[in-house]
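Everything below concerns the one structure shown next.
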Protein chains: 2
Amino acid sequence: MGAMSQSKRAELIRRALDLFYRNGFHATGMDLVARETGVSKTAIYKHFRTKEDLILATLRLRDETFRNWLLRRMADLAETPEGQLLALFDALAEWFAQDSFRGCLFIKASAEYQDADHPINREALAHKRLLLDHFADLAAQAGFADPRALAAQILILKEGAIVLAAMSHSAAAARDAKRAAGQLLTSAARI
Amino acid sequence: MGAMSQSKRAELIRRALDLFYRNGFHATGMDLVARETGVSKTAIYKHFRTKEDLILATLRLRDETFRNWLLRRMADLAETPEGQLLALFDALAEWFAQDSFRGCLFIKASAEYQDADHPINREALAHKRLLLDHFADLAAQAGFADPRALAAQILILKEGAIVLAAMSHSAAAARDAKRAAGQLLTSAARI
DNA sequence: GAAAACAGTTACTGATCGGTTAATGTAATG
DNA sequence: CATTACATTAACCGATCAGTAACTGTTTTC
């Protein structure tokens with residue numbers, strides 16, 4: 001096993017991710033993936049036992065790249081932990097404004113494979129939990145009395161903004177969510 | 001046109017809605033719809049030109065029944081307009097706790113048909129706008145200075161809570177969102 | 001009661017679904 | 001140079017996709 005080089009495999013996952021993100025999972029057939037990546041179906045199935053395995057690989061790639069991008073952008077936009085929690089929504093606004101923005105891949109994956117014990121749903125949930133943990137870290141560093149609760153509220157605002165931005169094809173939700181987050185941060189109890 | 005009785009047609013839409021809600025749109029074939037409803041495919045296509053038309057009919061039914069249910073539940077749970085905006089999240093908690101809960105049909109529809117000008121996405125967006133309008137009405141009645149902005153924030157909390165509840169198969173997000181909404185309401189400017 | 005008009009069925013269309021088989025090309029090993 | 005091992009391909013599998021054609025009843029209308 002391990003026919004194609006590591007870089008070709010990575011490129012396959014990268015292109016499959018793009019197809020799934022733009023067209024959806026069920027709506028994207030493996031024949032299309034083969035055609036668009038230039039990798040024959042048989043070669044794909046040498047490295048991924050099933051379509052589901054390929055989807056999981058794209059989700060893992062997306063988790064890494066997106067979370068990397070978001071956390072770095074938050075850190076670049078603000079100095080303090082509290083400022084970073086607010087800057088989250090500025091980063092989201094930038095994302096929403098991109099032509100390629102089509103909502104959250106994990107929300108879409110979870111919507112199409114929603115069973116609690118489905119590996120795809122589990123992968124999506126894991127991504128959200130990692131974000132939640134990071135928000136909770138920032139909230140703890142900022143000295144809030146209940147960092148987990150505050151992080152949960154921030155995450156809810158983030159997911160709601162993404163869903164509405166994707167549906168309305170507008171970045172306005174990022175601004176609304178930021179104002180809400182600002183009020184939550186200023187009125188939350190501190191240690 | 002108009003072969004089957006009005007009640008049979010309504011029953012077909014009702015069952016198709018259930019199938020789409022549980023399995024997804026692309027993942028639910030018209031053969032399955034025919035099998036599960038007991039209505040032959042030809043009979044279905046006598047009344048719905050395409051699968052997309054059937055989907056739109058299920059979305060319109062869902063908009064009517066769900067919005068009716070939610071608004072009535074909010075009104076039953078609280079006396080004042082401000083109380084209703086908070087009770088929204090108690091109603092959501094009840095919904096999340098149901099075995100049949102599988103997220104928001106409109107979010108799922110928009111995720112699978114996300115083009116801005118796609119009729120399915122437009123229908124989903126229309127549903128959210130109607131909810132936004134109602135929240136804004138309540139906020140105006142409650143005497144808030146910027147009812148539209150507050151309504152937008154409430155809507156973001158609602159959508160975020162739904163997405164996270166569906167993904168995590170837990171009703172906890174309703175409680176977190178309610179606490180956030182409570183803080184927003186108490187700190188928002190009034191006329 | 002004849003004749004349109006219509007609701008309903010089964011059986012089918014070509015295309016595509018996820019996935020595999022059998023064969024070919026190619027590179028490394030003895 | 002022969003052979004083993006492996007990467008890759010075209011062609012194919014049965015099932016299912018959305019949608020339709022041809023046909024059979026049942027009403028409605030005159």
Side-chain angles (χ1 to χ4, degrees), chain A residues 1-13 15-59 108-109 111-115 118-121 123, chain B residues 1-59 108-109 111-113 115 118-121 123:
Chain A
M1 198 168 301
M4 63 188 76
S5 68
Q6 203 66 10
S7 71
K8 277 194 72 174
R9 183 191 158 100
E11 176 71 7
L12 164 63
I13 297 176
R15 294 216 197 182
L17 162 55
D18 192 55
L19 289 171
F20 289 140
Y21 184 50
R22 280 189 298 161
N23 305 338
F25 296 95
H26 284 96
T28 303
M30 291 299 280
D31 290 277
L32 181 66
V33 173
R35 202 180 316 136
E36 292 287 315
T37 58
V39 180
S40 76
K41 227 167 27 146
T42 316
I44 296 176
Y45 275 99
K46 273 272 155 59
H47 295 273
F48 301 97
R49 211 174 45 82
T50 61
K51 180 183 182 180
E52 181 182 312
D53 281 359
L54 176 59
I55 293 176
L56 287 171
T58 67
L59 292 181
K108 293 159 79 142
E112 290 198 49
Y113 306 89
Q114 63 196 329
D115 284 359
H118 196 295
I120 291 179
N121 183 67
E123 195 74 32
Chain B
M1 201 168 298
M4 64 188 75
S5 68
Q6 204 66 10
S7 71
K8 277 192 74 174
R9 182 190 158 101
E11 175 72 7
L12 164 62
I13 298 176
R14 216 181 53 76
R15 294 216 197 182
L17 162 56
D18 192 55
L19 289 171
F20 289 139
Y21 184 49
R22 281 188 296 161
N23 305 339
F25 296 95
H26 284 96
T28 304
M30 291 299 279
D31 290 277
L32 181 66
V33 173
R35 203 180 315 135
E36 291 288 315
T37 58
V39 181
S40 76
K41 229 170 17 152
T42 315
I44 296 176
Y45 275 99
K46 273 271 156 60
H47 295 273
F48 301 96
R49 210 173 46 81
T50 61
K51 179 183 182 180
E52 180 182 313
D53 281 359
L54 175 60
I55 292 176
L56 287 171
T58 66
L59 291 181
K108 293 160 78 142
E112 289 198 48
Y113 305 89
D115 284 359
H118 196 294
I120 291 178
N121 183 68
E123 196 73 32

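It should be emphasised that the depicted structure is a prediction, and the values quoted were computed from it without experimental measurement. Below, chains carry the letters A, B, ... as their sequence lines are ordered, and counting in each starts from 1.
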**Report entry** Close side-chain approach of B:F48 to B:L12, heavy-atom, < 4.5 Å
**Finding:**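 B:F48 reaches B:L12 side chain to side chain.
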To the side chain of [X], which of [options] is closest?
| X | options | answer |
| --- | --- | --- |
| B:K41 | D:dG19, C:dG19, C:dT9 | D:dG19 |
| A:Y45 | D:dG19, C:dT10, C:dG18 | C:dG18 |
| B:K51 | C:dG18, D:dG19, C:dT9 | D:dG19 |
| B:K46 | D:dT9, D:dT20, C:dA7 | C:dA7 |
| A:D31 | C:dC17, C:dA7, D:dG19 | C:dC17 |

**Item:** Ring center gap for B:Y113 and B:H26 short of 6.0 angstrom
**Value:**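 Yes, ring centres under 6.0 Å apart.
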Whole angstroms only, please: what is the [atom1]-[atom2] distance between [X] and [N]?
| X | N | atom1 | atom2 | result |
| --- | --- | --- | --- | --- |
| A:R35 | D:dA11 | CZ | P | 15 Å |
| A:E112 | C:dC17 | CD | P | 14 Å |
| B:L19 | D:dT16 | CG | P | 15 Å |
| A:L54 | C:dG18 | CG | C1' | 12 Å |
| A:L12 | D:dT8 | CG | P | 11 Å |
| B:F48 | C:dG8 | CZ | P | 12 Å |
| B:L32 | C:dC17 | CG | C1' | 15 Å |
| B:D53 | D:dA18 | CG | P | 14 Å |

- Query: Taking atom NZ of B:K46 and atom OG1 of B:T42, what is their separation to the nearest 0.5 Å?
  - Reply: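 OG1 of B:T42 is found 7.0 Å from NZ of B:K46.
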Among B:V39, B:T37, B:T58, which residue meets the side-chain contact (heavy atoms from CB on, under 4.5 Å) test with B:R15?
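Considering B:V39, B:T37, B:T58, a side-chain contact (heavy atoms from CB on, under 4.5 Å) with B:R15 is found only for B:T37.
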| request: Please tell me which of B:F25 and A:G38 maps to the more 5' nucleotide of DNA chain D, matching each residue to the nucleotide holding its nearest heavy atom. | output: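 It is A:G38, whose closest nucleotide lies nearer the 5' terminus.
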Six-ring centre of B:F25, B:K108 cation under 6.0 angstrom, axis tolerance 45°: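 Judged by the rule (NZ or CZ under 6.0 Å from the ring centre, within 45° of its axis), B:K108 is not positioned above B:F25.
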Any donor-acceptor pair, under 3.5 Å, between the side chain of A:T42 and the base of D:dA10, if you only look at N and O atoms?
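Between D:dA10 and A:T42, which were checked side chain against base, a qualifying N/O pair under 3.5 Å is present.
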Checklist entry - Would you say D:dT8 has OP1 or OP2 under 4.0 Å from some side-chain N or O of A:S40? => result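 Indeed not, no polar side-chain atom of A:S40 lies that close.
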